[in-house]
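The chains referred to below are lettered A, B, ... by the order of the sequence lines, with proteins before strands, and numbering in each begins at 1. Atoms considered below: every heavy atom in the structure, side chains included; atoms not considered: hydrogens, waters and symmetry mates.
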Amino acid sequence: MSWISEIKHELHRQLGQVVEGLKASGQLDFSELPSYIIEVPREKSHGDFASNIAMLLTKEAKMPPRKIAEMIVNAFDKENKLVDTLEIAGPGFINFRLEPTWLAKGLAALLAEGDAYGNSNTGKGEKIQVEFVSANPTGELHMGNARGAAIGDTLASLLDAAGYEVEREFYINDAGNQIEKFGLSLEARYLELLGEEVEFPEDGYHGEDITRTMEALIAEVGDKYKDTESGLRRELLTRYALEKKIADIRKTLAAFGVHYDVWFSEQTLHDSGAVAKAVEELNEKGYLFEEEGALWFKSSLFGTEKDEVLVRSNGIPTYYAADIAYHKNKFQRGFQEVINIWGADHHGHVARLKGGMAALGYDPDRLQVILMQLVRLFQSGEIMRMSKRAGTYVTLEELMEDVGVDAARFFFVMRSADSQMDFDLDLAKSQTADNPVFYVQYAHARICSILQQGHENGITLDNMGQADLSLLKEASEQDLIRKMLDLPEEIAYAAVHREPHRIAVYVLDLAGLFHTFYTNCRVLGVDAPLMAARLRLCQATASCIAKCLKLLGVSAPTHM
RNA sequence: GCGCCUGUAGCUCAGUGGAUAGAGCACCGGCCUCCGGAGCCGGGUGCGCAGGUUCAACUCCUGUCAGGCGUACCA
């Protein structure tokens with residue numbers, strides 16, 4: 001348990017004891033303890049910790065909150081080792097000021113944990129899966145995929161740090177309608193490149209990457225498939241192109257710092273009969289019916305707006321049917337919870353999929369979908385529509401070239417998935433130095449520079465001996481320590497609530513507090529004991545910043 | 001029409017039912033004999049609107065207005 005949690009826990013316990021004591025002695029009347037909190041007040045002048053317990057008791061006890069607070073404060077143990085002073089403030093808050101060395105003790109505990117600082121056992125080893133990006137292998141990765149990659153990867157890292165057993169998964173949509181179209185498009189480009197007159201399929205994929213893929217094939221085998229029967233030819237071209245595309249996607253994501261544990265093929269669900277089996281299972285439970293030649297699932301029984309087709313009249317199962325089988329498979333693999341990161345344009349699918357899971361007997365809450373609002377791309381003041389078919393989109397590759405991995409990842413994770421984001425390419429290209437990621441990285445580099453210079457002058461953390469951290473009494477030093485002591489709870493909160501953007505916001509704040517400290521307090525050259533304490537403070541800060549940046553998939557440079 | 005997401009400072013966005021709602025950008029002033037000025041400090045009449053719940057609402061509920069996205073035998 002983290003230092004802050006320990007203290008909160010202890011104060012919570014002590015408060016509860018005092019209030020129960022007041023009840024026992026007949027001074028306070030209530031049925032049971034309300035769910036009061038111990039929090040760190042936003043305003044520093046309100047003490048180190050504060051509780052709202054008096055306000056919550058007001059109604060039952062039939063007394064004004066400040067009066068109740070007064071009774072509690074008076075009944076509090078004056079010989080308390082932890083609490084220095086208590087005061088009543090505002091509408092009835094009880095503010096705690098702790099004994100002055102509590103921050104130093106927290107900092108010492110932080111340093112003792114080293115790289116593990118920030119981790120917790122919040123997830124209790126629960127097996128959890130994050131499936132993200134899962135882009136169609138028919139094209140290149142675009143901005144939406146990039147946002148999904150940054151959010152999904154950071155969330156997975158957070159869950160890992162918070163004590164979950166995490167797996168990252170990419171679902172390869174290598175079956176279904178769009179693969180058919182893909183094949184038709186490939187075939188058209190192939191023949192075109194061989195000089196044939198062909199009509200390009202109307203709703204085919206127009207992306208240049210398709211042409212390039214076929215150029216590569218021709219370089220390898222020439223016109224080998226020119227006279228092959230069309231069906232077989234499409235199959236061969238598709239197989240070739242899929243392999244190439246998936247390899248490209250894997251490579252691009254790796255360059256973006258994303259590495260998966262599992263690449264799961266949709267086709268294998270069809271081949272193994274898992275899709276047919278899932279459909280059959282729903283049928284046995286009596287949830288299917290036939291209409292106009294198609295097989296429907298009464299998904300409306302499970303909360304969808306209307307019923308849905310599972311098997312089309314041409315006998316081919318829908319994406320929905322495959323997805324039900326896929327998520328059943330996930331649960332069969334032992335994941336307690338599975339998280340999907342989807343674009344908001346898929347939100348209609350959430351209720352359907354949850355309904356499917358419920359029909360199969362799984363608690364639908366074990367499937368969580370994070371919908372990210374779509375990314376709007378601005379260039380030259382104009383909104384760019386991203387369309388794979390028209391081939392007009394900025395790819396993740398291009399983005400990485402333009403703004404770099406660090407800036408791109410930080411930028412995407414910085415805002416909540418719920419909010420739409422405008423990505424101004426011109427701004428990102430021309431003013432990269434304004435990007436907040438540099439602000440954070442700069443703080444890290446500055447600290448490394450201080451430690452380095454100390455080292456060059458023979459002052460190292462090792463030969464300084466035991467530092468007296470209670471010498472860190474400046475406001476900017478204490479603010480920095482307080483912020484760092486929040487990290488474990490911050491990570492746990494972000495993981496549990498699936499809000500990776502909080503870490504970006506947190507580390508920006510932390511870097512800001514360091515810059516303030518740096519301006520106010522010299523490290524090198526002050527009295528040896530103080531220098532030792534400040535070097536430790538620097539070391540801890542660098543470690544916390546690096547920890548956050550690692551979670552975000554951003555590098556922590558030692559110099560810039 | 002119905003469903004989901006979003007309306008917070010000029011702009012882009014944070015904000016876990018609590019006390020005086022924050023940051024970055026932009027704009028205007030300061031701050032380098034000294035650890036990296038890619039930095040620091042100061043400058044603000046802002047929670048779409050209306051009800052409700054609560055001791056307490058940016059936060060929860062209802063309604064309403066505005067924007068985005070869905071509402072296929074596509075995925």
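- Across the protein-nucleic acid pair, A/Met560 atom CE and B/G39 atom C1' stand 12 Å apart, rounded to whole Å.
- In terms of phosphate contacts, A/Tyr518 brings a side-chain nitrogen or oxygen within less than 4.0 Å of OP1 or OP2 of B/G37.
- For A/Leu451, the side-chain contact (heavy atoms from CB on, under 4.5 Å) partners at least two apart in sequence or on another chain are A/Ile447, A/Leu535, A/Cys538.
- The side chain of A/Thr519 places no N or O atom within less than 4.0 Å of a non-bridging phosphate oxygen (OP1 or OP2) of B/C31.
- Every pair tested for ring pair (Phe, Tyr, Trp, His ring centres under 6.0 Å) that includes a residue from residues 518-545 of chain A fails, sequence neighbours excluded, so the list is empty.
- For the side-chain contact (heavy atoms from CB on, under 4.5 Å) test, residues two or more places apart in sequence or in another chain that qualify with A/Ala321 are A/Val275, A/Val279, A/Leu310, A/Pro317, A/Thr318.
- Scanning for ring-ring contact (aromatic ring centres under 6.0 Å, His included) contacts around A/Phe264 gives A/Tyr326, with sequence neighbours left out.
- Within residues 486-498 of chain A, the residues having any heavy atom under 4.0 Å from RNA chain B are, by residue number, A/Glu490, A/Tyr493.
- In this structure, the ring of A/Tyr442 has its center no less than 6.0 angstrom from the ring center of A/Tyr439.
- Listed by chain and number, the residues in a ring-ring contact (aromatic ring centres under 6.0 Å, His included) with A/Trp342 are A/His349 (sequence neighbours excluded).
- The ring-ring contact (aromatic ring centres under 6.0 Å, His included) search around A/His12 returns A/Tyr36, not counting sequence neighbours.
- Residues passing the side-chain contact (heavy atoms from CB on, under 4.5 Å) test with A/Gln368, sequence neighbours excluded: A/Glu337, A/Ile339, A/Arg498.
- Using a 4.0 Å heavy-atom distance criterion, A/Ser419 is classed as a sugar-phosphate-only contact.
- A/Tyr493 meets the side-chain contact (heavy atoms from CB on, under 4.5 Å) test with A/His497, A/Glu499, A/Arg502; sequence neighbours excluded.
- Note on A/Cys521: a base of the nucleic acid sits closer than 4.0 angstrom, heavy atoms only.
- Within the nucleic acid shown, A/Val505 comes within 4.0 Å of sugar-phosphate atoms alone, with no base atom in reach, counting heavy atoms only.
- Among residues at least two apart or in separate chains, side-chain hydrogen bond (donor to acceptor under 3.5 Å, both in side chains) pairs with a member in residues 520-535 of chain A are A/Glu477-A/Arg534.
- Rounded to whole Å, the distance from CZ on A/Phe438 to P on B/C25 is 14 Å.
- One atom, CD of A/Glu308, and another, C1' of B/A75, lie 13 Å apart when rounded to the nearest Å.
- No side-chain heavy atom of A/Thr541 sits under 4.5 Å from any side-chain heavy atom of A/Phe517.
- Here B/C13 is in the anti range [glycosidic angle more than 90° from 0].
- The side chain of A/His501 places no N or O atom within less than 4.0 Å of a non-bridging phosphate oxygen (OP1 or OP2) of B/C13.
- OP1 or OP2 of B/G36 sits under 4.0 Å from a side-chain N or O of A/Gln453.
- Using a 4.0 Å cut-off, some side-chain N or O of A/Arg415 falls inside it from OP1 or OP2 of B/C13.
- Between A/Tyr439 and B/C40 there is a side-chain polar atom (N or O) within less than 4.0 angstrom of OP1 or OP2.
- The phosphate of B/A75 (OP1 or OP2) has a side-chain N or O of A/Arg312 nearer than 4.0 angstrom.
- The stretch residues 36-50 of chain A touches RNA chain B through A/Pro41, A/Arg42, A/His46, A/Ala50, each having a heavy atom within less than 4.0 Å of the strand.
- Consecutive Watson-Crick or G-U pairs involving RNA chain B, each under 3.5 Å on both distances, make up stems of three or more pairs at B:1-7 with B:65-71, B:10-13 with B:22-25, B:27-31 with B:39-43, B:48-52 with B:60-64.
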